[in-house]
Amino acid sequence: MLDARQLRGDPDGVARNLARRGYRLDIGRFSELEKRRKDAQVAVDALRNERNSRSRTIGQAKSQGQDIAPLLAEVESLGARLDGAERAMSALQAELDALLLDLPNLLHDSVPDGGDESANVEIRRHGEPRRMDFETRDHVAIAESLDGLDLAAAGRISGARFAVLTGPLASLHRALAQFMLDLHQREHGYREAYVPYLVSRATLTGTGQLPKFEQELFKLARGESDPELFLIPTAEVPLTNLAGDRIFEAAQLPLKLVAHTPCFRSEAGSHGKDTRGLIRQHQFDKVELVQIVRPAESYQALEELTGHAARVLELLELPYRVVALCAGDTGFGSAKTYDLEVWLPGQGKYREISSCSNCEAFQARRMLARWRNPEVGKPEPVHTLNGSGVAVGRALVAVLENYQQADGSVQVPSVLRPYLGGLARITAA
RNA sequence: GGAGAGGUGGCAGAGCGGUUGAAUGCACCGGUCUUGAAAACCGGCAGCUCCUCACGGGGCUCGUGAGUUCGAAUCUCACCCUCUCCGCCA
């Protein structure tokens, strides 16, 4: 959520910033609504003030044993007037809230212009794609020939966009997650967390998935009277919300959290995209990094967090590049995002494997995550960051494709071998 | 699932129809004292929001929502959550 004060104080500046995303802010409608809301608020406050002071008078009169009947008569019509005014105000407030919750975050000045991913800017590359003097195969061909991937079975069990992994490939998948978790927890200073995979509407509103992107979520169908629950689309949701409704002391920040969870996405609107293999699934695992930081430190933290995610790829010896997302490609809640793209020989291109964002105070305002700034004394919103460190399914794809051998086997990256009992090579049974 | 208890400020914990947005303690901030620190003492200290250049003032919030009342943290109802005991169970 944007700072309403900023929106009021500098509507043109806000509109200009949002226009970079291609979002057209209807300033007229906003300020009209805001003005009516304010008038309604003033009216309601005045009526309430009158009611309160009259009631106080009645209380005093009664305690002195005076007759309060005439005082009660004076107050008779107040209730109805107040009721009407309150109804008008809450209708306006609801409309305004809906509008505010639909606005994307403001972009940081350093975000490059551009409407779609073609305008993203490469920041740096790391590692050289391996030269393969044999016919390179994609991860589906490799995994199926190793008898480790059964998409047909997944289709029968659940439907499209699900996968079944078996044998050493299932173990490799597990080893990847374990390796990442250990790395972040032991070397990068994150606190490991185990969190719920089902969360409430309020929680998803806090991180910005709701109310706007409900069609991308899986929602549990239960009885009318049961509380709503949604499957998490990323561990960012439960992890970041751990800071919600809290006021941190300065010394408690930064708070750095890591979790390995499955993620569930309906992938509405992505029909026809990445239909082959493990790239785009309804269910996939991800190790997620979240930082809750002091506002002045959030851009430094973004660089560090991106480095933590990149470190995973470096230790796995996978070639990758870092890309700064352009205005039009930056997500709803983010002020600035770096993507890590890993080299996939099977596709002959770099593909997203991590996305690291600074949401500044956007999520913090929604979920009331605050800290006590010693220089101000009053609570202020914290800044929140999140990044994949990294997507496990896509890491498996990258390992299979980059470590494939001419004979059809796959070498195991050395950092993963301890997790697999020393296994160095996966071969067909 | 059954029975009971409870949800109040950063934390602990009073209040149980009327000058209570809330006693007290701890924590925190400022000051006195001290070479410095601690202790002691003095003072300050919930959040959101509206009006005002400011001084200051108003409104809302005691789990959430509805209700009773001139007036609700306090009474009623529903829901959510936590704890204890019993049952069931990975």
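Both backbone and side-chain heavy atoms feed into the values below; hydrogens, waters and symmetry mates do not. Quick note on labels: first sequence line is chain A, next is B, and so on, each numbered from 1.
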Taken to the nearest whole Å, CZ/A:Arg372 to P/B:A46 is 9 Å
Quick note, side chain to side chain donor-acceptor pair (under 3.5 Å) partners involving residues 103-114 of chain A, not counting sequence neighbours, are A:Arg20-A:Asp113, A:His108-A:Ser110, A:Ser110-A:Lys336
In B/S/- notation (B base, S sugar-phosphate only, - none; protein heavy atoms under 4.0 Å), nucleotides 54-72 of chain B written 5' to 3' is ----BSS---------BS-
In whole angstroms, the gap separating P of B:C48 from CD of A:Glu380 amounts to 10 Å
Quiz item: Does the ring center of A:Tyr190 lie less than 6.0 Å from the ring center of A:His308?
Solution: yes
Applying the 3.5 Å cut-off to both distances, the Watson-Crick or G-U partner of B:C89 turns out to be none
Inset, instruction - Would you indicate what A:Arg8 reaches in the nucleic acid, counting non-hydrogen atoms under 4.0 angstrom: base, sugar-phosphate, or nothing? - result: sugar-phosphate
Margin query: What's A:Arg365 touching, base or sugar-phosphate or nothing? Going by heavy atoms closer than 4.0 Å.
Written below: nothing
In terms of the angle between their ring planes, are A:His188 and A:His184 parallel, tilted or perpendicular, with boundaries placed at 30° and 60°? tilted
Re B:A46: Watson-Crick or G-U wobble partner, both distances kept under 3.5 Å, found to be B:U61
Of the candidates B:G47, B:U49, B:U19, the side chain of A:Gln60 sits closest to B:U19
For B:U20, the nucleotide meeting Watson-Crick or G-U wobble distances (both under 3.5 Å) is none
If pairing means Watson-Crick or G-U wobble with both distances under 3.5 Å, then the partner of B:U82 is B:A5
Checking N1-N3 plus N6-O4 or O6-N4 for Watson-Crick, or N1-O2 and O6-N3 for wobble, each under 3.5 Å, the partner of B:A54 is none
To the nearest angstrom, the CG-P distance between A:Leu198 and B:C80 comes to 17 Å
Review point. Counting only N and O atoms by type, is there a donor-acceptor contact under 3.5 Å from the side chain of A:Lys212 to the main-chain atoms of A:Asp102?
Key: yes
Do A:Arg246 and A:Arg370 have side-chain heavy atoms sitting under 4.5 Å apart? no
Scanning all shown strands, the Watson-Crick or wobble mate of B:C41 with both distances under 3.5 Å is B:G31
Q) Does A:Gln363 reach the side chain of A:Asn241, with side-chain heavy atoms less than 4.5 Å apart? A) no
pair_partner(B:A66), Watson-Crick or wobble, both distances < 3.5 Å, evaluates to B:U76
note: A:Asp245, atom CG; B:G9, atom P; distance rounded to Å ~ 11 Å
Whole-Å distance, A:Glu249 CD to B:C45 C1', equals 12 Å
**Asked** Does CZ belonging to A:Arg425 count more than 12 external heavy atoms closer than 6.0 Å?
**Response** yes
Taken to the nearest whole Å, CD/A:Gln252 to P/B:C11 is 11 Å
pair_partner(B:C26), Watson-Crick or wobble, both distances < 3.5 Å, evaluates to B:G10
Q.
Centroid separation under 6.0 Å, is that true for the rings of A:Phe284 and A:Phe264?
A. no
In whole angstroms, the gap separating P of B:C48 from CE of A:Met1 amounts to 13 Å
